[in-house]
Amino acid sequence: MLEEHAKVLQHEAGYTVLRRVPEPYSQFPDDGVPPDGRCIAIVDLETTGLDAENDAIIELALMLVWVDEEGEIISHFGPLSWLEDPGVELDPRITLVTGLANHHLVGKTINDISVEGLLSRADMLVAHNAQFEIDFLERRYPILEHAPWGCSLRDIDWLMAGFDAQAQGHLLMQHSWFSDAHRAGPDVWSLFWLLSQRRKGLGADPERTHLQRLLEAIEKDSVVVQANRAPFSKKDLLKARGYRWNADARFWQKELGEELVAHEQAWFYCQGLPAPTLRPISAHQRHR
């Protein structure tokens, strides 16, 4: 009965209907043999804080997704999740966000052998804010040091895909879905569900899944344009152009597709800026 009402409302101009993301399920060959194709590990973490050097993982979740040569999903398994006792009292704000309290974690340990085995099976890894996951996971699992990563937050041009947000929950709602966040398992499944949505983008961007858009970005090399000799007086100009301040190296930088570099060099010349330094980058270095 409720679904019938929802179907009526979704065709009314004044309403948007949101449906809960379906319960997780696996789609895997009956014989248990992984299919041919590229394997992608979607991962998510819950932690005691944002500092990978001083904070600890309290929940790790992942699922494996196989795609064919065109990037179409042919199989998926999981999500699987593990809890771990960090040995310290949780900040109450972490409990408010995740729903995890100290008593949920007592005596819990992540099965590192299982996690390493699953992650090493993947040809590439994906997270919605990959830099965060990389910082924590590479410290715990050195085998990931040179692994290629994709970031669904930054590697997909969501605006050109027809959406005006980047937050995972907001993007789900723009696709008429919602999910109970902030546990690692549900977040992994929700990201998979979001990436499996098929939409036509703006302009010449054809109808395809967001996972296919992400894979295209992962496979494409790019260039970091470094304005490392720009005078201080040009900082507002660079910021307006989309450059970000690299606090460690102390210069402004921006990542571009290789096809846009010549145009950017010409812009530097027209603005009276010293020629930028160019640093090629691939999915093996990106987000680190």
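Quick note: residue numbers are just sequence positions, from 1. Everything numeric in this text was worked out from a predicted model, so none of it was measured.
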Would you indicate whether the side-chain heavy atoms of [Y] and [X] approach each other to under 4.5 Å?
X: K254; Y: P276; result: no
X: L119; Y: V43; result: yes
X: L237; Y: Y243; result: no
X: L60; Y: R140; result: no

Tell me whether [X] contacts the main-chain N or O of [Y] through its side chain, where contact means a donor paired with an acceptor under 3.5 Å.
X: S75; Y: Q27; value: yes
X: Q197; Y: L194; value: no
X: R229; Y: T277; value: no
X: D55; Y: L50; value: yes
X: K234; Y: A227; value: no
X: D123; Y: C39; value: yes

What distance do [X] atom [atom1] and [Y] atom [atom2] have between them, rounded to the nearest 0.5 Å?
X: F136; Y: E53; atom1: CZ; atom2: CD; result: 10.0 Å
X: D164; Y: Q174; atom1: CG; atom2: CD; result: 4.5 Å
X: D155; Y: S222; atom1: CG; atom2: OG; result: 8.5 Å
X: E116; Y: N111; atom1: CD; atom2: CG; result: 10.0 Å
X: M63; Y: I42; atom1: CE; atom2: CD1; result: 5.5 Å
X: T95; Y: H103; atom1: OG1; atom2: NE2; result: 9.0 Å

Verify the cluster assignment for [X] and [Y]: are they in a single hydrophobic cluster under the rule of side-chain heavy atoms below 4.5 Å apart?
X: V188; Y: V126; result: yes
X: I110; Y: I134; result: yes
X: I281; Y: L256; result: no
X: I40; Y: V115; result: no
X: W149; Y: F132; result: yes

Minimum heavy-atom separation for [X] to [Y], with atom names?
X: A130; Y: C151; answer: N-SG, 3.5 Å
X: G71; Y: Q212; answer: O-CG, 3.4 Å
X: H182; Y: E46; answer: O-OE2, 3.2 Å
X: G78; Y: S26; answer: N-OG, 3.1 Å
X: L191; Y: A127; answer: CD2-C, 4.0 Å
X: D187; Y: Q168; answer: O-NE2, 3.1 Å

Should we say atom [atom1] of [X] is surrounded by more than 12 heavy atoms from elsewhere, each under 6.0 Å from it?
X: K108; atom1: NZ; answer: no
X: Y141; atom1: OH; answer: yes
X: E207; atom1: CD; answer: yes
X: D112; atom1: CG; answer: yes
X: R19; atom1: CZ; answer: yes
X: F178; atom1: CZ; answer: yes
X: D31; atom1: CG; answer: yes
X: E259; atom1: CD; answer: yes

Quiz item: Only one of F28, Y25, W66 forms a ring pair (Phe, Tyr, Trp, His ring centres under 6.0 Å) with H76, so which one is it?
Solution: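 Between H76 and the candidates, ring pair (Phe, Tyr, Trp, His ring centres under 6.0 Å) is satisfied uniquely by Y25.
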
Quiz item: So which of W189, F192, W193 actually passes ring pair (Phe, Tyr, Trp, His ring centres under 6.0 Å) with W177?
Solution: W193

Quiz item: To which residues is L90 joined in a hydrophobic cluster, defined by side-chain heavy-atom contacts under 4.5 Å among Ile, Leu, Val, Met, Phe, Trp and Tyr, whether direct or through other members?
Solution: I58, L83, I94, L100, L105

Quiz item: Step by step, would you call N246 with Q226 a side chain to side chain contact (heavy atoms under 4.5 Å, CB included)?
Solution: CA-CA 9 Å; N246 183 327; Q226 300 174 174; over 6 Å; no

Exercise. Given side chain to side chain contact (heavy atoms under 4.5 Å, CB included), test L62 with W82 step by step and report yes or no.
Key: CA-CA 9 Å; L62 63 87; W82 298 263; 4.1 Å; yes

Self-check item: Check against side chain to side chain contact (heavy atoms under 4.5 Å, CB included), E59 and T98
Solution: CA-CA 10 Å; E59 185 174 27; T98 65; 5.9 Å; no

So does [X] pair up with [Y], basic N to acidic O under 4.0 Å?
X: E255; Y: R154; value: no
X: K220; Y: E258; value: no
X: E70; Y: R208; value: no

Quiz item: Would you say the side chains of H128 and S152 form a donor-acceptor pair under 3.5 Å?
Solution: yes

Quiz item: Between N228 and R250, does any side-chain donor sit less than 3.5 Å from a side-chain acceptor?
Solution: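 Their side chains do not contain a donor-acceptor pair, so the 3.5 Å distance test is not met.
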
Self-check item: Verdict with supporting geometry, V223 and E264, side chain to side chain contact (heavy atoms under 4.5 Å, CB included)
Solution: CA-CA 11 Å; V223 175; E264 198 68 10; over 6 Å; no

Quiz prompt | Inter- and intrachain pairs under ring pair (Phe, Tyr, Trp, His ring centres under 6.0 Å), touching residues 207-236, at least two apart | solution =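 Residue pairs with at least one partner in residues 207-236: W158-H210, F163-H210, H175-H210.
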
